[in-house]
Amino acid sequence: MKNFENILVTKNYLDHRHIALIQLNRPKVLNALSTDLMKEVVEALFSLEDDKEIRVIILTGNDRAFAAGADIGQMAEATPIDQINDNRFRTWKQLPLITKPIIAAVNGFALGGGCELAMSCDIIIAGDSARFGQPEIKIGTIPGAGGTQRLTRAIGKSKAMLAVLTGDMMSAYEAEKAGLVARVVPAETLMQETFEVAKIISNRAPVAVKLAKEAVNMAYETSLKDGMEYERRNFYLTFSSKDQKEGMRAFLEKREANYEGL
Ligand code: CO8
């Protein structure tokens with residue numbers, strides 16, 4: 001893996017060969033999501049996607065901030081045409097193409113694009129000091145990378161409206177209660193707790209994990225009827241994998257399954 005300027009990438013995270021960590025690393029600006037940083041995140045994700053050893057990716061920031069939003073300095077004087085030509089959204093559009101599970105481990109601020117980046121991941125685990133919000137309204141704009149869409153699907157219209165129209169932040173516990181966050185843990189143990197979740201997922205059959213992720217995401221993309229159909233087809237598809245045979249035989253033989261991702 002090459003060296004990046006704005007992120008740190010660790011394969012074999014905590015000596016686990018199936019887990020990788022991407023850490024946003026612009027601490028002086030609370031990990032503001034510059035175009036370059038987002039390009040690097042996407043490049044690293046695709047490199048880990050292609051790495052056969054990696055089964056789960058953790059995305060994190062630091063104790064103070066997961067990310068405090070898009071880089072305001074970079075945007076302040078931009079015209080719509082600058083935004084189009086800069087094509088910042090190209091990187092964001094690539095995030096859903098990653099088939100491996102991505103867990104956002106959030107301490108501190110996850111605001112604006114930072115909240116949107118966390119919501120682009122598959123699971124959000126938050127430290128108890130984490131704060132989520134879409135504060136764009138306070139600086140005269142609105143969310144641009146899913147804040148009005150993913151947040152509304154995650155926490156419902158009324159709470160999303162409150163967040164988007166006031167710009168006020170939610171605590172980690174409010175975010176958990178609303179359904180944005182899967183689990184809140186003590187801030188100091190965030191990375192260890194996230195690693196434990198990643199370990200569990202990395203022990204599951206990788207093909208089934210990908211098909212399950214795809215099927216859950218379909219719940220957001222389509223009608224219930226079509227989603228059910230999609231799920232059923234992915235269910236059938238798992239029966240063409242070696243790992244399904246291994247998993248069910250291991251259960252019947254009362255032993256641990258050994259999954260190969262085949
Ligand atoms: N962009 C650039 N710099 C930032 C950002 C940001 N989003 N957030 C913080 N910083 C910088 C500050 O300017 C400051 O720099 P300096 O030390 O040079 O003055 C440094 O980080 C530390 O910040 P503060 O001194 O403000 O720290 P506080 O603890 O006092 O406050 C806050 C922390 C509350 C998080 C505060 O920094 C803040 O309100 N930040 C802005 C939050 C925000 O408005 N985010 C939304 C940005 S717009 C957006 O995300 C739109 C996304 C659209 C999708 C993008 C697609 C391309």
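Whatever order the structure lists ligands and atoms in, that order sets their numbers, starting from 1.
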In a table with atom names and distances, give each donor-acceptor pair under 3.5 Å that connects a side chain of residues 57-64 to protein atoms at least two apart or in another chain.
| unit_1 | atom_1 | unit_2 | atom_2 | d |
| --- | --- | --- | --- | --- |
| Thr60 | OG1 | Ala105 | O | 2.8 |
| Asn62 | OD1 | Arg64 | N | 2.9 |
| Asn62 | OD1 | Ala65 | N | 2.8 |

What pairs of donor and acceptor atoms, side-chain ones from residues 190-215 against any protein atom, are under 3.5 angstrom apart with sequence neighbours left out?
| unit_1 | atom_1 | unit_2 | atom_2 | d |
| --- | --- | --- | --- | --- |
| Gln192 | NE2 | Glu196 | OE2 | 2.9 |
| Thr194 | OG1 | Leu190 | O | 2.7 |
| Glu196 | OE1 | Lys199 | NZ | 3.4 |
| Ser202 | OG | Ala198 | O | 3.4 |
| Ser202 | OG | Lys199 | O | 2.9 |
| Asn203 | ND2 | Lys199 | O | 3.4 |
| Lys210 | NZ | Thr99 | OG1 | 3.4 |
| Lys213 | NZ | Ile98 | O | 2.9 |
| Lys213 | NZ | Lys100 | O | 2.9 |
| Lys213 | NZ | Asp122 | OD1 | 3.4 |
| Lys213 | NZ | Asp122 | OD2 | 2.8 |
| Glu214 | OE1 | Tyr230 | OH | 2.9 |
| Glu214 | OE1 | Asn234 | ND2 | 3.2 |

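Ionic pairing of Lys39 and Glu5 is not present here: no N-O contact between side-chain nitrogen and carboxylate oxygen is shorter than 4.0 angstrom.
Protein neighbours of ligand 1 below 4.0 Å, counting non-hydrogen atoms: Lys28, Val29, Leu30, Ala32, Arg64, Ala68, Gly69, Ala70, Asp71, Ile72, Met75, Arg88, Phe89, Trp92, Phe109, Leu111, Gly112, Gly113, Glu116, Pro135, Glu136, Ile139, Gly144, Ala145.
To the nearest 0.5 Å, atoms CG (Asn12) and CD (Glu53) are separated by 8.0 Å.
Aromatic ring orientation, His16 versus His18: tilted (interplanar angle from 30° to 60°).
When the side chain to side chain donor-acceptor pair (under 3.5 Å) test is applied to Arg26, the partners found at least two apart in sequence or on another chain are Asp71.
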